[in-house]
Every structure is written in structure tokens, then in C-alpha cells.
Amino acid sequence: MEKLVSSWFNNKTLPQSYIFPPETRPGNHIIPRSNTIPVIDLGNASAHDRTLVVQQILKASQEFGFFQVINHGVSEDLMNDTMNVFKEFFELPAEDKADLYSEEFNRPCKLYTSSANYDGDKVHLWRDSLRHPCHPLEECIKIWPQKPTRYREIVAAYSIEAKKLGSRILDLISEGLGLDLGYFGDKLSEAVVISVNHYPPCPDPSLTLGIAKHCDPSLLTILLQGDVFGLQVLNDGKWVGVEPLHNAFVVNIGHQLEVVSNNRLKGAEHRVVTNSTVARTTAAIFLNPSEDCIVEPAKSLIGADEPPVYRAFKFKEFLYNYVTMGGNSEKSLEPFKLHG
């Protein structure tokens, strides 16, 4: 518990173990908060404008790997309640969180700091994280935090709505790719995991990161990022800040969607920077394949003119390699590429 950044960050200089090498630290240069990341109005996905929304999602997924969605159907009250209960969790006294803290890699519901492999980190990340599965809900909820008292009720409602939103977006993507409706249902998006990250104010944001550069191993990620800036996306070799928008979700393409789309869609590398004035709390819902799910390029997307880029593999095989390679995008995908 004493390793949690939130338990010791006050009135301290940045410890040496949190200082990134010069080539990967963010530095003092200002990254513009950009409005170039597409914002897509899902309220337009009626029969009349559905084709346009599908095209917008596909274009954003090809060019950026990221987009924001508004008018998405998740109530503002539920989004606010969810964010508030996550903030309340991290503000709990240490004794109320102690039984959740763990450095065991495979523990399903745990509070940890930096990464799931703290002792193996070359550089520590300026964040504390709560992570747990959300599906099947009736089983998972039993291991969730019991405090704050409304945590289970609110996060259960939120996870259901976030999963619905993810499934809806995946249906629009499958339509855009020419795949059967429901292609991403069942095992390809069966495992739902939430990761709540808390970034306390940092004494020197120029030297460290909340999360280092990576691409998500998921199929699709849906982020509730709140109103504090911190997320940056790598686009055309430059870091672009993702502007926090009121009542919006940030959506990004994960490695599994790259594979299934045979590289038609791209998973963008991204990172999180810190700030010296206010804490930032975010919640990412990862839609993942089940561990034994076979992931491969969709057969209807490959042919004589477009051979498969990847071999078939079980998701757990990919995940093991991803963790072993420290989330490095190229090295994570390399063992699964077919070299013609």
C-alpha cells in the first residue's frame, strides 16, 4: 500500500525511479489540445444518416485509430455518478483499500501502482490503478470493492451501458468493413474489463508519464476521461492532445481489431501525461476476446489481392507476448505476422 503514488506524492520531489530517459520523457514543450481527433455524433446513426456515421467511424479508425462519440445513449447522470464513485474510491482511507492492493499479476480484482509488474518496471508510471472484470456481471460483482457503498450498484449499471455502446460501435464498424452484423459479438468481445487510473498532481510532469507509449491489446477501448487533460495520441509522428469534451467518450481501436480487419483499421499509440495542479481520474472499458478465442483476419477481407497479414492465434497467446514485450506495439504483433 505504501507504494501507491496517492499515499506519498504530497510535498515530495519526483523520485529517481519515476524519471523517464530523455528520449521518452514528455519534456516542457506544449502539446496542442487538438480538435483534429474526429468527434462523431451517434445520434445521427438512424436509418437516414447511418451510412454517413459508418463512413465517419471507418475513416477515423483508419486515419487516427481514435475518435470521440457524443449523443451515445449513456445518460449524463450515470457518467457523472460513475466518475464520482471512482474518485471517492481513491479518496478512501488506506485501510479501506488495503485488502484490494495486490502485486499478484493474475489477481482479477486489484489495486496496484505503476504497472502490474511494479518490481520489474524499468521506470515507474505516475499512476495508481484499480482493475477488475465486468462480465459475467453476476459473478464478477462479488469481488468488486465494497466501498464506497454505492460502488457496485453504479459501476454495474455503467458497465452494462458501456458494453452496449461498445457493441453498437462494433456493429457500425462491421457494417463499414462489409462483415456480417454481429461479427464481433460472442467470443470476440466477450471479456469486459475496466481499468480505473488515478494520476495525482505531479511535482515535475516534464520528467515522467502516467502511462508510457503503447497501443491497447483489446478489440476496442471506451474511455471516460473526465474533464482533465492528459491523453495524447501519436499521429503522423507527432503527439496530439485529446481535448476533454463534455459528456463524450473517447474510443480507440485495439490490436485485435487491427488483426481482424487485416490492417484496414489501425490501433494508434498513445500515452498519458501528468500535471502539477490537479488529480486526474479516468476509466477505460476494454472489450477483449475470451482467452481461448481464435483471432484472425476476417475471411471475407482476404483474397488474391489482399493476402492475410496475420496468422490465427488464441487471444491468451497474444496477451502473453504483449505483456512479455512490455506493450511494445511492433514487438507485440511481430510473432503473429505472416511474411510473404
Side-chain angles (χ1 to χ4, degrees), residues 34-76 78-79 160-190 192 215-216 218-225 233 235-236 240 242-243 245-268 270 284-289 295-310:
S34 175
N35 56 7
T36 55
I37 300 295
V39 179
I40 298 170
D41 187 344
L42 290 186
N44 291 332
S46 59
H48 178 64
D49 293 318
R50 187 177 178 90
T51 303
L52 174 63
V53 172
V54 168
Q55 289 171 348
Q56 288 174 333
I57 289 177
L58 221 58
K59 188 170 188 284
S61 300
Q62 291 164 342
E63 294 180 3
F64 292 94
F66 268 78
F67 52 93
Q68 300 206 58
V69 292
I70 57 174
N71 295 323
H72 39 64
V74 182
S75 81
E76 185 174 353
L78 181 57
M79 292 173 73
I160 290 168
E161 292 304 310
K163 173 76 161 69
K164 280 184 195 169
L165 174 60
S167 298
R168 186 177 167 204
I169 292 169
L170 287 169
D171 279 346
L172 293 166
I173 288 173
S174 64
E175 197 172 314
L177 291 172
L179 302 174
D180 293 338
L181 190 65
Y183 185 91
F184 294 107
D186 201 26
K187 290 192 175 297
L188 268 174
S189 60
E190 184 177 80
V192 182
C215 178
D216 292 346
S218 60
L219 185 71
L220 194 75
T221 303
I222 298 173
L223 177 73
L224 179 62
Q225 80 157 340
V233 177
N235 186 251
D236 292 333
V240 176
V242 181
E243 185 74 31
L245 297 180
H246 179 69
N247 203 27
F249 286 103
V250 180
V251 181
N252 66 281
I253 304 302
H255 277 314
Q256 307 315 304
L257 206 38
E258 277 188 285
V259 172
V260 174
S261 71
N262 207 36
N263 274 359
R264 291 193 188 186
L265 310 183
K266 75 167 190 175
H270 51 288
I285 289 267
F286 299 107
L287 301 185
N288 294 330
V295 182
E296 61 185 335
K299 289 180 170 55
S300 61
L301 299 181
I302 57 179
D305 295 334
E306 194 172 344
V309 179
Y310 304 95

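- The distance from the CG atom of Leu220 to the CZ atom of Phe286 is 11.0 Å, given to the nearest 0.5 Å.
- The structure places CG of Leu301 at 11.0 Å from CG of Asn263, a figure rounded to the nearest 0.5 Å.
- Remark: Ile37 CD1 to Glu243 CD distance equals 11.5 Å, nearest 0.5 Å.
- Side-chain contact between Leu219 and Val295 is absent, with no heavy-atom pair separated by less than 4.5 Å.
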Does the pair Val74 and Lys164 meet the rule for a side chain to side chain contact (heavy atoms under 4.5 Å, CB included), with working shown? CA-CA 9 Å; Val74 182; Lys164 280 184 195 169; over 6 Å; no
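- Contact detail for Glu258 and Cys215: the closest heavy-atom pair is OE1-SG, 4.3 Å.
- In this structure, OG on Ser261 lies 11.0 Å from CD on Gln256, to the nearest 0.5 angstrom.
- The two residues Tyr310 and Asn262 come nearest to each other via the heavy atoms N-OD1, 4.2 Å.
- When atom types are taken as modelled, the side chain of Asn235 and the backbone of Glu63 share a donor-acceptor pair closer than 3.5 angstrom.
- A side chain to side chain contact (heavy atoms under 4.5 Å, CB included) with Gln68 holds for exactly one of Val242, Ile40, Val251; it is Val242.
- A distance-only check finds no donor-acceptor pair linking the side chain of Arg264 to the backbone of Leu58 [under 3.5 Å].
- Of all heavy-atom pairs between Ala162 and Ile222, the closest is O-CD1, 3.6 Å.
- Side-chain contact between Phe249 and Leu223 is absent, with no heavy-atom pair separated by less than 4.5 Å.
- Judged by distance alone, with hydrogens and angles left aside, the side-chain atoms of His270 form no donor-acceptor pair with the main-chain N or O of Asp216 at under 3.5 Å.
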Would Leu165 and Ile285 count as a side chain to side chain contact (heavy atoms under 4.5 Å, CB included) here? Give the steps. CA-CA 11 Å; Leu165 174 60; Ile285 289 267; over 6 Å; no
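- More than 12 non-hydrogen atoms from other residues, nucleotides or ligands lie less than 6.0 angstrom from CG of Asn71.
- The closest side-chain heavy-atom distance from Met79 to Glu161 is not below 4.5 Å.
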Working note: Val69 + Ile57, criterion side chain to side chain contact (heavy atoms under 4.5 Å, CB included); need CA distance, chi angles, decisive distance, verdict. CA-CA 10 Å; Val69 292; Ile57 289 177; 5.8 Å; no
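- Rounded to the nearest 0.5 Å, atoms OG1 (Thr221) and CG (Asn288) are 7.5 Å apart.
- Taking the side chain as every heavy atom from C-beta outward, Leu42 and Ile70 never approach each other to under 4.5 Å.
- In terms of heavy-atom proximity, Pro297 sits nearest to Ile302 at CB-CG2, 4.1 Å.
- Taken from CZ in Arg50 to CG in Asp171, the straight-line distance is 7.0 Å, to the nearest 0.5 Å.
- Counting heavy atoms of neighbouring residues, nucleotides and ligands inside a 6.0 Å radius, atom NZ of Lys163 exceeds 12 of them.
- Counting all heavy atoms, side chain and backbone alike, Tyr183 lies closest to Val260 at CE2-CG1, 3.7 Å.
- When all heavy atoms are compared, the tightest approach of Leu287 to Ser218 is O-CB, 3.7 Å.
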